[in-house]
Protein chains: 2
Amino acid sequence: MATISDVAARAGVSTATVSRTLNGKSTVDPELAARVLEAAEELGYHPNGLARNLRRQETAVLALIISDVENPFFTSIARGVEDLAQVSGYSVVLCNSDENEDKERRYLDVALQERVAGVLLSPTGPATNVTRLRRLGTPVVAVDRPLPGTDCDQVLVDTRRAARQATRHLVANGYRRVACLSGPSGVRTADDRLSGYLDAVGEENAIYRRAEYRAEGARRAAGDLLDQPAPPDALLVANSTMAIGVLEALAARKLRAGRDIGIVSFDDAPWTTLIDPPLTVVAQPAYEIGRVAAQLLLARIADSTREPVTTTLDAQLIDRQSSHR
Amino acid sequence: MATISDVAARAGVSTATVSRTLNGKSTVDPELAARVLEAAEELGYHPNGLARNLRRQETAVLALIISDVENPFFTSIARGVEDLAQVSGYSVVLCNSDENEDKERRYLDVALQERVAGVLLSPTGPATNVTRLRRLGTPVVAVDRPLPGTDCDQVLVDTRRAARQATRHLVANGYRRVACLSGPSGVRTADDRLSGYLDAVGEENAIYRRAEYRAEGARRAAGDLLDQPAPPDALLVANSTMAIGVLEALAARKLRAGRDIGIVSFDDAPWTTLIDPPLTVVAQPAYEIGRVAAQLLLARIADSTREPVTTTLDAQLIDRQSSHR
DNA sequence: TTGTAGGCGTTATCAA
DNA sequence: TTGATAACGCCTACAA
């Protein structure tokens, strides 16, 4: 494990010169530089990022803490973040909090301890706490869900409006008993989607269930709804992972989407056009969320005095067959 | 950004005592310890992992470099790795090489520079080079695909056998012109799946195409195959991302899986039971791959003299409707 | 049990 | 332009 001083010794120069050569900072005599490069090559030298970061008090890595790696929505965000970060020379490490406060806290600690340059985070819920990170001056950007009680940059989707619109779409298509299957209470997107649904049908007509943002919970909740004496004739589903559970529940009861029960789901997962009938969805600009969030984070790293901004993107209803009789 | 000496000053002790207290190493007078803890709390002290790792020459983070975050197969591996690592106190950072040699090299560099404790890697192809990592003594475990020319731990799937078996399954079900759609040449799993297919049909009957491990390329390749004068009547598809493209190509031609063309795909993605007819798949134990790989890596971190082992897991054909007329 | 001091590998400051 | 040298924040002999 060759160090900078090994290289210096071999090249017959000081460590300072080696450092300068390797970082291309101030000018170095071409001949010395060549000797340094050669020595480094021969020794198989690789800079120790730990020492460098310790000295420089900065890192070129961003942490992206998402709440579910198995959800295509979040992996699209990840790609957006990554693509933008990469061109600025940052690398992105992805951490999966798995909708679990403990894991999230642990990764937040890692980010803190490793002194990453910045953190992008989709908070698991109201308990998420980034004050320690903030105290240290590490910039944080919230994606998909706001960070309660903190004034940091945020990239959100107007999900309440989208839910309202989707619900009205179902009503306009002749469904009379539209229900909603949303995520856990306290998760902002879940709350907002439910609110949008309520906006559209009114409190008095509300039929809804909450479950984890997972297939399994959604299957049970959908089953529960469908087995009521007066079951709903349409369903707004809060994300594509849940939609899988819902569709399984339908299949188990030989119910056909569209004809028997109207379905609209959030998130345009790649498989939604493959099923019969194709799923009407609310497409969120996930990749764009990632890009914008990374932009905001980089801007804040460059200038910590910027006013925090909240960017709200629009979702788009893609009308397919599952919402038509 | 309080340091250990700030805490020491405030508690009226030496930095050594603070360090010992915080790490619970040798015994410290309870009263002093209490003072230290209190001071740390008041100052909002958080250890600097960079400095600690530099000093200790070790980190508690593992890097997992996968070739496609958007492929459920790899995200399942990630969960397996994570679950196992977590109980041993390691955190896992996920890097997405995106089947791209440059990105992969970059993340390998990051892993090298950050001196992570170990690396898990699904190599993008034959150009993947981990010798620099190895020279530094960083343990590497290959997952899903072997690492050519290096004797490191590996966790693989007997994918050739699985492909052979899947092809025979199609033949046994009466399909006469079975084709294969595999991934890029040089990617070991793609080569092996093609080989398994060839084992079953024989070189002389072979009909196959290669494309990227992506929906888009698969759609084109499948279209090309289907538009031949004498198109195949069955298709073995090398992964679930490609299957999406294939199914799109079928839909565009009003072809029905099973009846018109038999389909078997690798990877039991969550949506495969939702489509009509349900997709017959080769299920790989992705989560298990991740767990085993993490075990191997941890074992090697603990004892670098261990002989490298290759663990080969079995895949399982799940017979559903798309492979029946 | 506690403190002093040296060093992990870099970079940045300051003279020369 | 180059080279000593002092940090960066932490841990750990070694000494007290």
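Because the structure is a prediction, the values reported are computed rather than measured. Order of the sequence lines fixes the chain letters, A, B, ..., with proteins taken first and strands second; residue numbering starts at 1 for each chain.
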Just by distance, with hydrogens left out, do Thr310(A) and Gln154(A) show a side-chain donor and acceptor under 3.5 Å apart? yes

Is any side-chain nitrogen or oxygen of Thr27(A) closer than 4.0 Å to OP1 or OP2 of dT1(D)?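 Yes, Thr27(A) has a side-chain N/O under 4.0 Å of OP1/OP2 on dT1(D).
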
Can you name the residues that form a side chain to side chain contact (heavy atoms under 4.5 Å, CB included) with Leu313(B), not counting sequence neighbours?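 Partners of Leu313(B) by the side chain to side chain contact (heavy atoms under 4.5 Å, CB included) criterion, ordered by chain and then number, come out as Val155(B), Pro285(B), Glu288(B), Ile289(B), Thr311(B).
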
Annotated protein contacts, base or backbone, on nucleotides 7-12 of chain D with a non-hydrogen cut-off under 4.0 Å, one of B, S, - each: BBBBBB

Rounded to the nearest Å, what distance is computed from the CG atom of residue Asp29(A) to the P atom of nucleotide dT2(D)?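 Rounded to whole Å, this separation is 5 Å.
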
Asn53(B) CG to dT10(C) C1', straight-line distance once rounded to whole Å: 15 Å

Give every donor-acceptor pair under 3.5 Å between a side-chain atom in residues 56-69 of chain B and any protein atom, sequence neighbours left out.
residue  : atom : partner   : partner atom : Å
Arg56(B) : NH2  : Asn23(B)  : OD1          : 3.3
Thr59(B) : OG1  : Arg115(B) : O            : 2.7
Ser67(B) : OG   : Ser122(B) : OG           : 3.1
Ser67(B) : OG   : Arg145(B) : NH2          : 3.3
Asp68(B) : OD1  : Glu70(B)  : N            : 2.9

Interatomic spacing from CG in Leu94(A) to OH in Tyr107(A) - rounded to 0.5 Å: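 The CG atom of Leu94(A) sits 9.0 Å away from the OH atom of Tyr107(A).
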
Starting at CD of Glu38(A), measure out to CG of Leu43(A) and round the result to the nearest 0.5 Å. 11.0 Å

